Structures are given as structure tokens and as C-alpha cells.
Undergrad: 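Got a structure here, written out as C-alpha cells. Questions coming.
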Amino acid sequence: MDLRSTSQDDRFRAEVRDWLKANLPDHELETFAEKRAWHRKLYEAGFIGMGWPVEYGGRDARPMEQAIFGEELARANAPRGVNGLGLSLVGPTLIHHGTEEQKQRFLQKILSAEEIWCQLYSEPNSGSDLASLRTRAVQDDDEFIINGQKVWTSGAQFSDWGLLLARTDPEAPKHLGISCILIDMHAPGVEVRPLKQISGASEFNEVFFNHVRVPAENLVGTLNVGWQIAQTTLSYERGGSTLGRVAEHSARLTRLLEVAQELRRDGHRAIDDPVTRQKLGRMLAEVEVLRYGSLRILSRLEKGLRPGPESSIAKLHYSELDQRLQELTLEILGPFGQLIEGEPDELALDPGSAYGEPGSWGFSFARSRAATIAAGTSEIQKNIIGERVLGLPKELRADRLGMQQ
Ligand SMILES: Cc1cc2nc3c(=O)[nH]c(=O)nc-3n(C[C@H](O)[C@H](O)[C@H](O)COP(=O)(O)OP(=O)(O)OC[C@H]3O[C@@H](n4cnc5c(N)ncnc54)[C@H](O)[C@@H]3O)c2cc1C
């Protein structure tokens with residue numbers, strides 16, 4: 001692992017800094033339209049989908065350049081673009097497994113956020129055990145007919161399209177009868193019902209499918225190999241953008257340090273309390289450990305390797321660290337930490353965003369509860385690390401022992 005940045009990297013970092021200085025919005029972006037307009041600006045400057053092939057609208061940027069951009073964005077406290085799931089999940093899936101027609105039809109509109117996407121995987125009884133999903137897609141000539149229900153679908157209420165996992169062969173073993181299908185969220189029979197979260201926002205939804213007709217050409221890859229397709233792209237969702245998250249944690253911690261120097265508790269500045277100082281120091285050290293872990297993933301990507309099961313280590317670390325940092329923040333801020341600015345529904349307008357908007361401490365604290373659940377729970381990440389990174393024996397699950405569940 002080479003941790004030195006090259007002169008090319010330094011030049012690129014300076015270019016990004018200059019661009020952000022000249023273009024950063026001078027006010028908080030409040031509506032989805034404003035966020036989409038900011039996204040469009042980033043896209044036109046070539047900063048969206050940077051790692052995608054040039055022929056599909058990307059710039060074939062190296063993973064290090066993408067990480068530098070993520071870092072600078074967080075350092076400048078700049079808003080991120082929209083269409084997070086379209087960019088991190090759907091785009092890479094189509095680039096690896098889509099037909100040329102699908103690539104031409106969808107990729108550019110994902111980049112420009114002309115079409116917003118959601119991820120239709122989880123169901124009421126299929127989250128960690130995703131392969132047990134029951135939403136059915138039945139082939140009828142040149143169409144699929146979809147019936148079933150999804151849940152926790154982030155951003156479905158703003159989405160034009162969804163990447164759906166559905167059962168196409170109920171007789172096959174559960175991992176082998178699933179297909180991956182692109183579904184128009186405006187099609188007749190699709191019903192989206194927002195769910196209210198602890199943060200007050202409705203970031204995710206229930207989605208119902210009632211005899212929804214989808215053209216057969218919307219199948220991604222081969223029939224019944226949807227599970228394998230989902231596996232290759234989930235590792236990107238879990239590991240690909242860790243360095244940007246490190247910068248977000250750093251920016252948050254820097255703001256907390258500033259506040260701790262101002263805020264007076266029991267007649268002293270919060271920072272003067274030795275226990276608080278100790279906890280802040282430990283947090284700074286933890287963020288540095290996360291940075292080196294992310295550089296490790298980055299050097300794998302730089303060598304042309306996939307993030308692989310190791311991305312579960314990063315996911316486990318950054319999500320649990322996020323919660324520890326939010327708890328420390330509220331401990332230091334006391335009652336002030338519970339203030340939430342803005343309307344919660346406006347705070348979660350970025351489907352796929354990991355932490356919501358950083359402006360409000362109270363919102364970030366409530367939002368951080370989700371970090372160890374979304375994109376696979378901490379327990380599941382530990383199973384993956386145990387079995388696929390450390391090579392430990394597989395967990396003894398009831399279904400593997402042939403017992404009724
Ligand atoms: C903010 C947020 C956004 C989300 N967005 C989306 C989205 O856009 N699209 C989508 O498809 N899904 C989305 N999800 C759903 C998410 O992927 C699931 O919540 C997650 O996979 C867990 O599934 P579950 O909620 O059904 O919990 P369950 O799988 O029922 O788990 C319940 C508990 O049991 C534990 N557990 C389960 N199995 C095991 C095991 N084998 N070993 C040890 N412990 C186990 C879990 O760790 C957990 O603590 C989102 C979730 C959140 C919180």
C-alpha cells in the first residue's frame with residue numbers, strides 16, 4: 001500500500017478546491033429542485049460518476065481521484081449530489097451486467113439525475129436473509145407481471161425507476177430463482193407509501209406491486225441469476241466510498257471541537273473538562289484508524305481489484321464509529337444537541353445519502369441509528385468477515401441444519 005500522493009493527485013486536488021471555491025452555493029439547499037440543480041452543476045463539471053467509462057459519460061478516473069473529490073467535498077462542507085443509489089448501485093450494475101441498449105437508455109440519465117433511482121431489495125420478511133424474498137415476477141410473452149411488496153425503500157417517493165429483485169423460479173433453491181429487473185416507478189400498479197422515521201423524516205417507504213407489467217427487455221443479465229448480480233454490486237455499496245465518509249467524520253469532529261471551545265458548562269468551557277478532552281482525543285484517533293482502513297480498500301481498487309468481502313470491515317467500522325461520534329456529540333452539547341433545524345422532510349431529500357444533511361446535530365444523532373442496519377446490519381457484516389475474510393466455519397443456521405424455521 002503506497003500512501004504518498006502523486007503530483008497528478010496534488011494537481012487534481014487543487015483543481016477541485018478551486019472549483020468548489022468558485023461554485024459552492026452561498027445558502028443551504030432546501031428543496032429537491034435546488035439539490036438537483038447543484039447535482040447538475042457537479043455533473044457538468046465532470047465530478048459525477050467519475051470512475052465510469054468515458055463512453056458512458058464518466059471520465060475513467062482512478063479510485064484515488066474519486067476519493068480526493070469525496071474528501072474535498074466533505075472538507076468544504078459542500079452538499080452532495082442526488083441520485084446516490086443510481087450512482088453507487090444501479091450504474092455499476094448496468095455497466096457490468098446490462099445490455100448495450102440498457103446502457104444507452106439509462107446511464108446518462110442516472111449521471112445527470114434526470115431520472116432518480118431506488119433499490120427494491122428488502123421485504124417485510126426478507127432483510128438479512130434477502131434470498132428468501134417473495135415478490136414474484138411471472139413471464140407473460142414479452143412482459144413480466146410483478147406482484148408483491150418491498151419495504152425500507154429509500155427515496156422511492158422521488159424515484160422514476162427502481163432496481164428490483166424478484167422471484168422468477170419458486171421451485172429452484174432460494175438463491176437460484178431470483179432475477180434482477182428494472183421497473184418504472186410510475187407504471188400502473190406501483191404504490192408508494194412513505195414511512196415516518198425517528199428523525200421525523202420519511203426517507204424510506206413501503207412499495208406495493210399489483211399486477212405491474214414490465215417489458216421483458218428490462219431483465220438485467222440472465223433469468224434467475226439476479227442473486228449473483230446483487231452480490232457483485234452490494235460490495236460497492238458497502239466499501240467504495242469510505243474515504244469520503246472519513247472526511248465527513250473529520251469535518252463533523254472539527255465542528256464539534258470548535259463548539260467544545262465555545263460552549264460553557266458549569267462555568268467552564270466544555271473542552272476544559274479532562275474527561276471530555278480524553279474522549280475527543282480517542283475519537284480523533286479512531287477517525288485516523290478509519291482513514292488507514294479506507295486507504296487499504298483504495299489501494300485494492302487502484303490495482304484494479306474489486307472491494308470484495310473486506311468492504312464489510314469498512315462498513316462495520318464507519319457505521320459504528322458514526323454512532324459513537326454522535327453519542328459523544330450529544331453528551332458534550334447537552335440539551336442544545338436536541339435542536340433540529342428545518343422541516344424533517346426537507347432534511348432527508350437525498351436518497352442514498354448516508355447521514356442526511358450535516359447541519360443539525362439532533363437530526364444526525366437520530367439518523368445514525370440507521371447506519372448499523374442499512375446496507376446490511378453489523379451482525380451480518382461480522383458473519384461475512386468471519387466466514388469470507390477470516391475463513392472461519394459457517395454459522396449454524398436452522399435452515400442449514402434442515403430444521404423448520
Ligand atoms: C435507513 C435505511 C435505509 C434502507 N434503504 C433500503 C433501500 O433503499 N432498499 C432496500 O432494499 N433496503 C433498504 N433498507 C433495508 C435494510 O437493507 C434492512 O433493514 C437490513 O438488511 C436488515 O434487514 P431487516 O430490517 O429485515 O432486519 P432482520 O434481517 O429481520 O434482522 C433483525 C435483527 O436480527 C439480526 N440477524 C438477522 N440474521 C442474522 C444472522 N444470520 N446472524 C446474526 N444476526 C442476525 C440482525 O442483525 C438484526 O439485528 C434500509 C434500511 C435502513 C435502516
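Predicted model only: the values in this text are computed from it and were never measured. Each ligand, and each atom within it, is numbered from 1 in the order the structure gives.
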Undergrad: Atom 2 (C) of ligand 1: which of Phe204, Trp117, Trp152 has the nearest heavy atom?
TA: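 Going through Phe204, Trp117, Trp152 one by one, Phe204 has the nearest heavy atom to atom 2 (C) of ligand 1.
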Undergrad: Verify, without hydrogens or angle tests, whether Gln139 (side chain) and Ala216 (backbone) share a donor-acceptor contact under 3.5 angstrom.
TA: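 Here the side-chain-to-backbone pair does not exist.
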Undergrad: Where on Ile380 is there a heavy atom closer than 4.0 Å to ligand 1, on the side chain, on the backbone, on both, or on neither?
TA: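 Side chain only.
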Undergrad: Going by the closest heavy atom to atom 48 (C) of ligand 1, which one wins out of Ile373, Leu89, Thr377?
TA: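 Selected option, by shortest heavy-atom distance: Thr377.
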Undergrad: Report the member of Pro124, Ala201, Gly127, Ser128 with the shortest heavy-atom distance to atom 31 (O) of ligand 1.
TA: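 Minimum heavy-atom distance to atom 31 (O) of ligand 1 goes to Ser128.
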Undergrad: Near Tyr121, which atoms of ligand 1 are under 4.0 Å from a heavy atom of that residue?
TA: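 Result: 11 (O).
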Undergrad: Check the angle between the aromatic planes of Trp161 and Trp117 and answer parallel, tilted or perpendicular using the 30° and 60° thresholds.
TA: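 Ring orientation, 0 to 90° scale: parallel.
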Undergrad: Take the angle between the ring planes of Phe158 and Phe32 and call it parallel below 30°, perpendicular above 60°, tilted in between.
TA: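 Geometry flag for Phe32 against Phe158: parallel rings.
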Undergrad: Tell me which part of Leu130 gets within contact of ligand 1: side chain, backbone, both or neither, using heavy atoms under 4.0 Å.
TA: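 Under 4.0 Å from ligand 1, Leu130 contributes no heavy atoms.
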Undergrad: Would you say ligand 1 has an N or O under 3.5 Å from any N or O of Glu203?
TA: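 No, no N or O pair falls under 3.5 Å.
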Undergrad: Does the N or O separation between Glu123 and ligand 1 drop below 3.5 Å for any pair?
TA: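 By distance alone, the answer is no.
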Undergrad: For the pair Arg167 and Glu123, find out whether any cationic side-chain nitrogen is under 4.0 Å from an anionic carboxylate oxygen.
TA: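 No, Arg167 and Glu123 are not salt-bridged.
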